[in-house]
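Just so you know, these numbers come straight off a predicted model, no measurement behind them. The basis for the numbers below is simple: all heavy atoms, side chains too, and nothing from hydrogens, waters or symmetry mates. Sequence positions, counted from 1, serve as the residue numbers for this chain.
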Amino acid sequence: MKKNKKVLVGLMVAGVAVIAVACGDSSSKTDTKKEEKEKPTTEQVTKKEATGPTATGDLGKYYVAIQDFTLAQDYNGADVGIVQYEFKNNSDKNAMFMVATQAKVFQNGITLESAILSEDGYNDQSTDIQPGATIVVKVPYKLQDTTTPVSAEVKQSLGIGKDILKKEFTLQ
């Protein structure tokens with residue numbers, strides 16, 4: 001019983017840490033002009049399967065597929081890449097994508113920061129789903145540029161398991 005409580009507390013602390021990092025803004029720019037904010041646009045990009053590791057599979061008690069990538073702009077007009085994941089909860093308890101997995105996206109070998117969009121549908125990674133349910137999760141990331149390839153990686157949270165899913169997207 002104590003072990004279960006410790007694991008639960010550990011997962012809760014990890015979840016709060018992920019949320020705190022995702023909500024932070026490392027931008028030091030200040031915009032003094034009041035500009036009308038445009039609604040972000042999305043655009044499909046060419047995607048290329050990575051050689052080696054697969055982009056779909058089971059990560060412990062969860063099934064994950066790295067599906068798609070689109071370009072958009074955030075509320076400040078900065079370039080954003082949106083990675084679409086499919087997440088199925090095969091466990092016997094409710095689960096969230098952002099707690100059950102560790103998803104990272106890289107460009108030029110550097111981890112991309114989470115982005116914030118004003119459009120609906122991009123908070124899905126914190127949606128709790130019941131056992132047997134599947135959700136499509138769209139996560140926005142701040143891009144360094146719109147030409148260099150982007151690679152997505154997903155593994156089980158807290159370093160549990162050795163499996164890792166990978167997919168590379170070629171931008172045009």
Side-chain angles (χ1 to χ4, degrees), residues 14-57 59 62 64-87 96-127 135-172:
V16 170
V18 169
I19 291 170
V21 170
C23 292
D25 184 9
S26 64
S27 175
S28 61
K29 297 179 185 175
T30 305
D31 189 8
T32 56
K33 295 180 183 177
K34 297 280 183 181
E35 295 183 37
E36 195 172 311
K37 295 178 182 171
E38 295 180 7
K39 193 165 190 164
T41 58
T42 58
E43 153 188 343
Q44 196 71 24
V45 295
T46 304
K47 52 188 171 288
K48 177 182 159 189
E49 296 289 331
T51 56
T54 182
T56 63
L59 296 174
Y62 312 102
V64 177
I66 306 170
Q67 295 182 322
D68 206 4
F69 185 92
T70 53
L71 292 175
Q73 291 186 333
D74 69 6
Y75 64 95
N76 282 328
D79 293 320
V80 171
I82 302 167
V83 179
Q84 179 175 305
Y85 306 93
E86 178 183 336
F87 175 65
M96 286 185 269
F97 178 78
M98 70 184 295
V99 174
T101 66
Q102 183 180 7
K104 291 185 179 181
V105 175
F106 299 88
Q107 191 173 37
N108 298 313
I110 299 171
T111 305
L112 297 179
E113 295 179 31
S114 296
I116 299 172
L117 296 182
S118 58
E119 289 183 46
D120 291 335
Y122 298 100
N123 296 326
D124 300 328
Q125 66 178 335
S126 62
T127 301
I135 189 170
V136 173
V137 178
K138 295 179 181 178
V139 183
Y141 299 93
K142 295 178 185 177
L143 294 174
Q144 295 173 357
D145 61 68
T146 57
T147 57
T148 309
V150 172
S151 62
E153 296 181 0
V154 182
K155 63 182 181 178
Q156 199 170 353
S157 280
L158 304 173
I160 301 170
K162 296 179 181 176
D163 295 329
I164 186 164
L165 306 175
K166 294 183 181 185
K167 188 169 187 177
E168 183 173 294
F169 300 97
T170 303
L171 309 184
Q172 292 186 18

From [X] [atom1] over to [Y] [atom2], what is the distance, rounded to the nearest 0.5 angstrom?
{"X": "F97", "Y": "Q102", "atom1": "CZ", "atom2": "CD", "value": "10.5 Å"}
{"X": "K104", "Y": "K166", "atom1": "NZ", "atom2": "NZ", "value": "11.5 Å"}
{"X": "F87", "Y": "T101", "atom1": "CZ", "atom2": "OG1", "value": "6.0 Å"}
{"X": "T127", "Y": "M96", "atom1": "OG1", "atom2": "CE", "value": "9.0 Å"}
{"X": "L171", "Y": "L71", "atom1": "CG", "atom2": "CG", "value": "6.0 Å"}
{"X": "T70", "Y": "Q84", "atom1": "OG1", "atom2": "CD", "value": "7.5 Å"}

Tell me if a side-chain donor or acceptor on [X] pairs with a main-chain N or O of [Y] at a distance below 3.5 Å.
{"X": "E153", "Y": "I164", "result": "no"}
{"X": "D145", "Y": "T147", "result": "yes"}
{"X": "D74", "Y": "N76", "result": "yes"}
{"X": "E86", "Y": "Q67", "result": "no"}

Open item on the list: If you define the side chain from C-beta out and look only at heavy atoms, does anything of V150 sit under 4.5 Å from Q107?
Closed with: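 Side chain of V150 against side chain of Q107, heavy atoms only: contact under 4.5 Å found.
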Would you name the heavy atoms of [X] and [Y] that are closest together and state the gap between them?
{"X": "S126", "Y": "M98", "answer": "CB-SD, 3.5 Å"}
{"X": "A152", "Y": "F169", "answer": "CB-CE1, 4.3 Å"}
{"X": "Y75", "Y": "I116", "answer": "CD2-O, 3.4 Å"}

Task: Criterion side-chain contact (heavy atoms from CB on, under 4.5 Å) against Y141, the qualifying member of V80, V83, D79 - done: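 Testing Y141 for a side-chain contact (heavy atoms from CB on, under 4.5 Å) against V80, V83, D79 leaves exactly one candidate, V83.
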TODO: For a side-chain contact (heavy atoms from CB on, under 4.5 Å) with V154, tell me which candidate from I66, V105, T56, D163 qualifies.
DONE: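 The side-chain contact (heavy atoms from CB on, under 4.5 Å) with V154 is passed solely by I66 among I66, V105, T56, D163.
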